[in-house]
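Step one of this worksheet: look at the structure below.
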There are 2 protein chains.
Amino acid sequence: MPKIVNHDHRKELIAEAAWRVIRREGLEAVSVRNVADEAGISLGSLRHYFETQSELLAFAMRLVSERVSRRIGKLPFSGDPRRDIGLVIAEILPLDEERRGEAEVWLAFAGKAIVDPTIRELSREVHGQLHAGFAKMLRVLVEQKIAREGLDAEYETKRLHALVDGLVVHHVTCPESVAADEMMRIVERHVDSLIAEPGASPGRS
Amino acid sequence: MPKIVNHDHRKELIAEAAWRVIRREGLEAVSVRNVADEAGISLGSLRHYFETQSELLAFAMRLVSERVSRRIGKLPFSGDPRRDIGLVIAEILPLDEERRGEAEVWLAFAGKAIVDPTIRELSREVHGQLHAGFAKMLRVLVEQKIAREGLDAEYETKRLHALVDGLVVHHVTCPESVAADEMMRIVERHVDSLIAEPGASPGRS
């Protein structure tokens, strides 16, 4: 009987091997050969999925944002925007080993974006996806009429996105400066400052 | 007559050559040989100042924070904390080619902090210096009695530091997402939110 192989699953296993190489040795160590070794497959098998290092890197970077999106898609949303925004941001912050891995891979890509045009494009793509996510959070606050009076959604989107990414950089490069639970508390307090009455229940019409 | 050589100046010229290599080819390209070539000096001359690549990298990273500190030390402070905090943060943000270079070098180091213990230590050191700078800004607001009522200086220090570093990452990796003047406006608006009456003159006793 022939083996049944799920190709998407195989690609993700290979990308996870690339993540391990990136976290252990850096982006420069990602070659089709190194990643095949790390994944425990032959170079030929890997090349069946990724012909070049560039294809592999692109898939590995996009998988970071894909994984975050998938987790967000499965969240048990409560309908309370304050709580739900907290849940969404918690999926971006490096609060456990899985998310820490994603954050480290993201930062490794960011650090190479200046010198590598392909990586710069990938960083832009992921930045755009995250920005759209933060814009949506602000839109929910405004539409549900719980945003602080006079809230400027565009400014608040950029401020929240920058705050979250800054905390990620601080925690990943210097964990003792801001612990995981403190990152989350800072974000929750910031989100509260965007809401008219943080203690009140959401308005439902 | 023997040539008079200013050793500190020479070391900085070599570190600037290392910065150019980092910005063009990445941190991995920094070797004593590459940097000697870039600086237009012999390997022997370079080794007179830096015996190893590690020493050179450490000096190059510390010079980023040293340059920022020097510029801050020369600022024409007005005594108006709101304006003066803006001046200080402007020296950290990549608002011109010089500061953009420093920001790119900082981000390249941050991206390698995960895989290289020496670079991690350097990142921590520079993080600590910046954190102390932000803590001082908040202290000035509190001491001059112009801080918003109930301001939590520790929380606001971490929030401001993360906001600024997040904006730096966004501008460096994705300049079209937040332009230089917009970064500055976001920071000024954020600082205004920390002040009791942003329009009023500072209290003097």
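Letters A, B, ... are given to chains in the order of the sequence lines, protein chains preceding strands, and every chain is numbered from 1.
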A/Phe59/A/Ile14 under side-chain contact (heavy atoms from CB on, under 4.5 Å): CA gap, chis, key distance, verdict: CA-CA 10 Å; A/Phe59 188 85; A/Ile14 296 169; over 6 Å; no
Are side-chain heavy atoms of B/Val169 and A/Asp165 found at a separation under 4.5 Å? no
Is it the backbone or the side chain of B/Glu154 that comes under 4.5 Å from a heavy atom of chain A, or both, or neither? side chain
Could you list which of residues 83-103 of chain A have a heavy atom closer than 4.5 Å to any heavy atom of chain B, in residue-number order? none
Which bit of B/Glu28 comes within less than 4.5 Å of chain A, counting heavy atoms only: side chain, backbone, both or neither? side chain
Pairwise side-chain contact, A/His170 with B/Ser123, heavy-atom cut-off 4.5 Å (strictly under): no
Does A/Ile186 reach the side chain of A/Arg189, with side-chain heavy atoms less than 4.5 Å apart? no
Counting heavy-atom pairs under 4.5 Å with chain B, which one of A/Asp152, A/Val178, A/Val168, A/Val164 comes out on top? A/Asp152
Highest number of heavy-atom pairs under 4.5 Å with chain A among B/Arg120, B/Arg23, B/Glu176, B/Lys112 belongs to B/Glu176
Tell me, side chain or backbone of B/Arg159 under 4.5 Å from chain A's heavy atoms, or both, or neither? both
A/Arg148 side chain to A/Ser193 backbone, donor-acceptor under 3.5 Å: yes
Just so I know, are the side chains of B/Leu27 and B/Ile119 near enough to count as touching, which here means a heavy-atom distance under 4.5 Å? yes
Any side-chain heavy atom of A/Ile22 within less than 4.5 Å of one from B/Ile114? no
Which portion of B/Ala162 sits near chain A, non-hydrogen atoms under 4.5 angstrom: both
Give, as side chain, backbone, both or neither, the part of B/His131 having an atom under 4.5 angstrom from any heavy atom of chain A. neither
Measuring only between side-chain heavy atoms, which start at C-beta, is B/Phe50 closer than 4.5 Å to B/Lys11? yes
Run the salt-bridge test on A/Arg185 and A/Asp181 with the 4.0 Å N-O cut-off and return the result as yes or no. yes
Can you tell me which of B/Gly128, B/Ala110, B/Ala29 forms the most heavy-atom pairs within a distance under 4.5 Å of chain A? B/Ala110
What I'd like to find out is whether the side chain of A/Ile72 reaches to under 4.5 Å of the side chain of A/Phe77, using heavy atoms alone. yes
Engaged part of B/Arg124 at the chain A interface, taking heavy atoms whose separation is under 4.5 Å: both
